[in-house]
Amino acid sequence: MSNVLIIESSARQQGSFSRQLTRQFISQWQAARPADQVTVRDLALNPVPHLDANLLGGWMKPEAQRSADEQASLKRSDELTDEVLGADVLVLAAPMYNFAIPSTLKAWLDHVLRAGVTFKYTETGPQGLLTGKKAYVLTARGGLYAGSTSDHQEPYLRQVLAFIGIHDVTFIHAEGLNLGGDFQEKGLNQAKARLTAIA
Ligand SMILES: Cc1cc2nc3c(=O)[nH]c(=O)nc-3n(C[C@H](O)[C@H](O)[C@H](O)COP(=O)(O)O)c2cc1C
């Protein structure tokens with residue numbers, strides 16, 4: 001049995017294309033592997049806090065020196081790292097907002113990239129600790145960016161995922177969703193067909 005962790009980050013619940021892709025992903029996954037555990041964390045419904053002095057204090061101080069606020073912040077952050085550590089498969093649903101990922105997803109990554117937990121520093125440089133995991137990134141974009149230098153989602157997410165040890169990453173982009181004409185239908189259908197193909 002595998003654990004699948006889905007991270008939703010579209011600000012909208014209705015009309016979201018990235019959520020359409022995660023819905024298809026989940027139903028395909030459950031049909032093929034009914035015993036697997038699928039967990040959905042919705043960063044729009046339950047945003048995680050930005051890094052602040054309490055959390056950094058909690059991270060850096062030994063337990064005995066942590067204030068009650070620092071302990072509480074650390075506990076909340078540990079829930080996020082524990083969830084990722086326990087996942088075999090990670091699915092990030094990412095709308096493109098202003099050429100990049102939603103700030104809610106960036107805030108989540110700021111919790112999840114944690115020294116000593118998901119990566120460590122070694123004499124030969126940082127080493128990712130989340131080995132043996134697979135990731136899928138499902139994006140939704142108003143325009144067309146795949147393969148261009150204006151795509152600040154895929155290179156960035158590949159880098160942060162590799163940094164924590166996840167190198168097996170498949171991107172599926174639904175593009176051209178706001179371009180008018182038949183771009184939306186084509187972009188969505190292409191992404192859905194790729195999802196079907198990897199089922
Ligand atoms: C605040 C905001 C910023 C956006 N910025 C971009 C952008 O930089 N490039 C782009 O192609 N589309 C952009 N879009 C369009 C979204 O990527 C597109 O509507 C996508 O479908 C959103 O994902 P969702 O359908 O899952 O909500 C933006 C949309 C919003 C709401």
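We count ligands from 1, going down the list as the structure has it; atoms in each ligand are counted the same way.
Between Glu154 and Arg158 there is a salt bridge, with a side-chain nitrogen of the basic residue lying less than 4.0 Å from a carboxylate oxygen of the acidic one. One finds a salt bridge joining Asp78 and Arg114 here, because a Lys/Arg side-chain nitrogen approaches an Asp/Glu carboxylate oxygen to under 4.0 Å.
Within 6.0 Å of the CD atom in Glu185, the count of heavy atoms belonging to other residues, nucleotides or ligands does not exceed 12. With a 6.0 Å radius and a threshold of 12 heavy atoms from other residues, nucleotides or ligands, Lys134 has its NZ atom above the threshold. Around the CZ atom of Phe183, the shell of radius 6.0 Å holds no more than 12 heavy atoms that belong to other residues, nucleotides or ligands.
A distance limit of 4.0 angstrom between heavy atoms and ligand 1 selects the residues Ser10, Arg12, Ser16, Phe17, Ser18, Pro95, Met96, Tyr97, Asn98, Phe99, Ala140, Arg141, Gly142, Gly143, Tyr145, Leu177, Asn178.
Under the side-chain hydrogen bond (donor to acceptor under 3.5 Å, both in side chains) criterion, Lys61 pairs with Glu70, sequence neighbours left out.
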